Amino acid sequence: MAFQKYSIPKGIFGSPFVGFDQFAELFKDDQFYNALRNTLAMSVMGLVSGFVCAIVLALLLNEVRLTLFKRTVQTIVYIPHFVSWVVISNIMIFVLSPDYGPFNELLKNLGLIDEPIYFLSKEKWFWVIHTFAGLWKELGWSTIIYLAVLSGVNPELYEAADVDGAGRFKKMIYISFPSLLPTATMLLILAVGHLISTGYESQMLLGNSLVIEYSKVLDLYALDYALKLGDYSYGVAISMFKSMVSIILVLGVNQLAKRLGQSHVL
């Protein structure tokens, strides 16, 4: 379909073959580059914040000795993962609302603003808001693997560190963190493969017409052409482009991991 001028009545076998015309049009469209910029920006921000915060949270929870408190914190941070983006987005819209939204009310009570701010109408703030919403939703779930790795670290290493007089911070830096690196590297490689495939639910639900220049990602761009305009071949061409870029990114990061002596997938 990506190499055809596809139409539903003619089908795949009846639609005319146009070669790389769809891809040529793709790279001529300014909206494509805008959607690509938004996709990469939000993906990188989400990847970096989620990757770093998940490791930090796992290291901190691993140091908690009070079992009840540890399990309570784990439960609280895990719950958002099981909540749909519809609910998460509505919570974010309510919290940031200029009409008695908790965040605006807090800023006014602190004397930082005089008038409420409609945060979701600020184009350049959308990436930050989206990143925070994604971090809140997935942070707890991302720590599960890291906590599992830390639970398998040989206790004798910590006992030897105690004998040498190492405190909790040094044990965290010289034992816990290095133990996470192989697994973290492998998860990073797998995550990079989805760097350009961010989905569209969160952007569609949090975005609006005022921030469309910063909220439209490649998936929304493809849906607009495929479903609204009926240009299915163009939408498939965008999907093929995403797949090729994902493969290149995975292979590139995998080779980099090999050179650095870390774990690799291939």
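Just so you know, these numbers come straight off a predicted model, no measurement behind them. Heavy-atom basis, side chains included; hydrogens, waters and symmetry copies ignored.
- A donor-acceptor contact closer than 3.5 angstrom is absent between the side chains of Thr39 and Tyr221.
- Applying the ring pair (Phe, Tyr, Trp, His ring centres under 6.0 Å) test to Trp125 and every residue at least two apart in sequence or in another chain returns Phe119.
- Side-chain atoms of Lys137 come within 3.5 Å of backbone N or O of Val83 as a donor-acceptor pair.
- A salt bridge does not link Asp164 to Lys170: none of the charged side-chain nitrogens sits closer than 4.0 Å to a carboxylate oxygen.
- With hydrogens and angles disregarded, no donor-acceptor distance shorter than 3.5 Å links the side chain of Ser97 to the backbone of Ile93.
- The main-chain N or O of Tyr6 is found under 3.5 Å from a side-chain atom of Ser233 such that the two form a donor-acceptor pair.
- In this structure, a donor-acceptor pair under 3.5 Å is absent between the side chains of Tyr33 and Asn38.
- Under the 3.5 Å distance criterion, the side-chain polar atoms of Asn34 are matched with a main-chain donor or acceptor of Glu213.
- A tilted orientation is assigned to the rings of Tyr234 and Tyr225, their planes being inclined by 30° to 60°.
- Distance CD1/Ile248 to CD1/Ile196: 9.5 Å, rounded to 0.5 Å.
- Side chain of Gln22 to backbone of Gln4: a donor-acceptor contact under 3.5 angstrom is found.
- A donor-acceptor distance shorter than 3.5 angstrom exists from the side chain of Asn208 to the backbone of Leu120, with no hydrogens or angles considered.
- Atom CD in Gln74 sits 12.0 Å away from atom CD1 in Ile79 (nearest 0.5 Å).
- Not one N or O on the side chain of Thr131 forms a donor-acceptor pair closer than 3.5 Å with the backbone of Met45.
- For Phe3 and Phe20, the gap between ring centers is short of 6.0 Å.
- By the 6.0 Å and 45° rule, Arg37 does not stack over the aromatic ring of Phe32.
- The distance between the ring centers of Trp141 and Tyr78 does not fall below 6.0 angstrom.
- In terms of modelled atom types and a separation under 3.5 Å, the side chain of Trp85 and the main chain of Leu205 share no donor-acceptor contact.
- A salt bridge between Asp162 and Lys171 is present, with a side-chain N of the basic residue lying under 4.0 Å from a carboxylate O of the acidic one.
- Here the side chain of Ser49 pairs a donor or acceptor atom with the backbone of Gly46 at under 3.5 angstrom.
- Here CE of Met204 is found 11.0 Å from OG of Ser215. Values are rounded to the nearest 0.5 Å.
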